Amino acid sequence: MTIEVDIEKEFYGRKHGKKGENPSFSMNCSFDADSGFSVLFGCSGSGKTTALRCIAGLEIPDAGAIKINGSIYFDSRKKINLPPQKRKIGYMFQENALFPHMNVRQNIEFGLKGLRSVEKTKRANEMLVLVGIEELEFAYPDELSGGQKQKVALARALAPDPEILLLDEPFSSLDTVVRVKLRKELRMIQKGLGIPVIFITHDPVEAFTMADRMIVFDGGRVQQTGSPEDIFYHPKSRYLAELVGFSNLFDDAVIEGHGQGAECTFLWSLGTGITAPYIERTAGERVSWGIRPENIELVCRKNIHAIRKENRKNLFDGTIMSVVNKGTSRIMSLILAESEDVLKVEVANRVFDSLKIETGDECTVRLRTSDMIVF
Amino acid sequence: MFQVVMSPLLLTLKIAAVSTFFVTFLGILIAYVLAKKEFSGKWLADALVTLPLILPPTVTGYILVILLGKNGILGNIFTEITGKGILFTWQAAAIAAFVVSLPLMVKTAASAIGTVDRSVEEAARILGRNELETALFITLPLAKKGVIAGCILSFARAVGEFGATLMVAGNIPGKTGTMPLSIYGAYQTGNNELASLLVIVLVAISFLTIAATSRLAEK
């Protein structure tokens with residue numbers, strides 16, 4: 001099963017934009033997906049939903065092609081554009097989009113056109129069992145909770161046995177507990193059925209926990225594709241780094257040179273020399289670098305002198321300016337002694353409590369070269 | 001006395017029923033197109049349908065007289081087919097009622113159709129239904145209240161139609177003398193007793209119609 005998408009579409013501020021005017025938003029994206037769980041990731045307005053709507057046939061691209069498993073859904077050159085009802089797609093909307101005048105069973109059976117009523121009943125039963133809502137079959141949508149509604153929506157989308165399932169932030173309006181539970185259930189159902197899924201989210205945690213493969217959108221374009229580990233630990237651009245939680249980003253670094261055998265690059269940043277991962281740039285060039293707050297290591301003050309003697313590499317002294325408790329960890333803002341830049345450091349609450357440090361204290365941190373990214 | 005009341009009453013109900021029947025079908029169609037489709041000249045179509053709502057009924061009536069007269073386009077076609085003129089018949093009164101009540105149906109139904117959640121309709125399309133099926137099974141059932149309200153308003157407007165009817169159908173007792181026309185005729189000739197009776201019957205009928213249909217809409 002393969003999904004190939006390569007489309008362009010321009011949007012205009014006014015309803016009837018004229019050709020030649022500057023579009024208010026232009027999308028030009030190309031990506032493919034396979035039978036796994038693909039996540040379209042990006043912030044609001046990055047074009048994720050538009051891309052998904054184009055695959056479903058709810059919007060028509062200006063140009064390009066969409067192929068699902070070899071059959072052409074859209075091709076501007078061959079003038080092919082299958083209407084949504086001819087595409088074998090399951091779709092879940094952000095707001096469930098259930099039919100309010102039909103009960104759960106009728107909602108699920110709506111997509112089973114052409115089947116005999118015995119078969120419809122059988123298929124609907126299977127779906128009710130699959131998502132675990134057998135007892136709700138005669139309830140109406142306005143009698144259901146948010147989580148139950150999305151389960152019905154999932155059952156309805158899967159009932160006609162679609163070739164591919166598209167989900168547009170289906171859990172974004174649910175509370176955390178229900179959301180986490182539904183994510184797990186959806187992942188299990190997807191694995192069980194082996195159906196390819198394209199899932200939209202702007203939530204990094206959701207993307208990371210669900211994706212086999214991530215496709216990152218920005219400004220209507222695909223910025224990077226890869227495994228969640230790739231995206232989260234090796235983002236290729238500053239925008240992406242910020243999106244996936246590199247809250248320590250510095251843009252004024254200058255390359256001083258490279259280590260032997262291209263194993264590292266020496267930067268001048270934060271008023272000192274830093275050993276960073278190797279980047280293929282020449283000395284004197286400006287680069288940006290970053291590190292995740294949770295990857296910064298707090299060095300114990302007790303044996304600080306020994307550590308300093310042994311290896312001064314990437315050690316920073318600073319003063320704790322503020323501490324924010326995130327529940328399971330604390331985020332400290334550290335003002336660095338040498339440059340007065342601020343470094344965010346995340347420390348697990350157990351560690352933080354055992355260190356007995358507080359705002360105003362001085363402390364030392366170490367940045368591991370392998371945790372840093374440079375671009 | 002019974003005959004004097006029943007004759008205009010039945011005629012009025014017949015004209016209103018026929019008019020509302022056609023208004024319902026054409027009105028829903030026009031409302032759907034205006035609410036859902038983008039096409040050039042849409043404002044013109046909208047304006048033409050709405051016009052009878054704003055024009056004085058005598059103006060609508062006058063235009064209809066021209067269209068339905070012997071030399072008018074519609075009158076000509078009718079004469080070709082039936083061999084008779086259409087003016088001063090109950091059919092002409094029904095056409096007048098149709099024209100003046102159509103905008104009420106279109107406006108009410110279009111706003112109801114326009115408020116149906118688009119993603120619900122899109123869900124139906126993705127579930128394998130074409131646009132007609134989606135309109136019949138999803139959009140219209142969800143816009144039901146607006147459509148029924150449009151029917152009630154159109155029916156009431158048709159029952160109460162006076163000016164345009166007078167111009168295209170005259171006030172021929174037993175033939176085109178509808179309730180409003182008969183009330184006016186009775187009042188003109190000083191038969192206040194009959195006028196009062198007709199007014200009471202008309203008010204009662206209108207009240208019952210609205211009460212019955214609004215209960216229907218609640219279901």
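In this text, all values refer to a predicted model and were calculated from it rather than measured experimentally. Chain identifiers are assigned alphabetically (A, B, ...) following the order of the sequence lines, protein sequences preceding nucleic acid strands; residue numbering begins at 1 within each chain.
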Enquirer: May I ask you to list the residues in residues 98-106 of chain A that approach chain B closer than 4.5 angstrom, counting heavy atoms only, ordered by number?
Expert: L98(A), F99(A), P100(A), H101(A), M102(A)
Enquirer: State whether the number of non-hydrogen atoms from other residues, nucleotides or ligands found under 6.0 Å of D142(A) atom CG is greater than 12.
Expert: yes
Enquirer: With the side chain counted from C-beta on, respond yes when P84(A) and E122(B) share a heavy-atom pair under 4.5 Å apart, and no when they do not.
Expert: no
Enquirer: Counting only heavy atoms not in Y140(A), do more than 12 sit closer than 6.0 Å to its OH atom?
Expert: yes
Enquirer: Using non-hydrogen atoms only, which part of R53(A) is less than 4.5 Å away from chain B: side chain, backbone, both, or neither?
Expert: side chain
Enquirer: Please indicate whether K42(B) has more than 12 foreign heavy atoms, meaning atoms of other residues, nucleotides or ligands, lying under 6.0 Å from its NZ.
Expert: yes
Enquirer: In this structure, are over 12 heavy atoms from other groups packed under 6.0 Å from E95(A) atom CD?
Expert: no
Enquirer: Within a 6.0 Å radius of atom CZ on F207(B), are there more than 12 heavy atoms belonging to other residues, nucleotides or ligands?
Expert: no
Enquirer: For chain A, which residues from residues 93-120 of chain B lie under 4.5 Å away (heavy-atom distances)?
Expert: R118(B), S119(B), V120(B)
Enquirer: Side-chain donor-acceptor pair under 3.5 Å between Q85(A) and R129(B), yes or no?
Expert: no
Enquirer: Taking distance alone, no hydrogens or angles, what donor-acceptor pairs closer than 3.5 Å link side-chain atoms of residues 192-199 of chain A to residues at least two apart or in another chain?
Expert:
none

Enquirer: Check whether any side-chain heavy atom of I126(B) sits under 4.5 Å from a side-chain heavy atom of L58(A), and report yes or no.
Expert: yes
Enquirer: Side chain, backbone, both or neither: which part of F93(A) has a non-hydrogen atom closer than 4.5 Å to chain B?
Expert: side chain
Enquirer: I'd like to know whether CD1 of I80(A) has more than 12 heavy-atom contacts from other residues, nucleotides or ligands below 6.0 angstrom.
Expert: yes
Enquirer: Report the distance from atom CG of L112(A) to atom CG of L127(B), rounding to the nearest 0.5 Å.
Expert: 8.5 Å
Enquirer: Which atoms of E133(B) come close to chain A, meaning under 4.5 Å heavy atom to heavy atom: side chain ones, backbone ones, both, or neither?
Expert: side chain
Enquirer: For I138(B), which atoms come within 4.5 Å of any heavy atom of chain A: side chain, backbone, both, or neither?
Expert: both
Enquirer: Within a reach of under 6.0 Å around NZ of K88(A), are more than 12 heavy atoms found that belong to other residues, nucleotides or ligands?
Expert: no
Enquirer: Applying a criterion of heavy atom separation less than 4.5 Å, what residues of residues 45-57 of chain B form contacts with chain A?
Expert: none
Enquirer: Tell me whether F25(A) at atom CZ has more than 12 heavy atoms from other residues, nucleotides or ligands lying less than 6.0 Å away.
Expert: yes
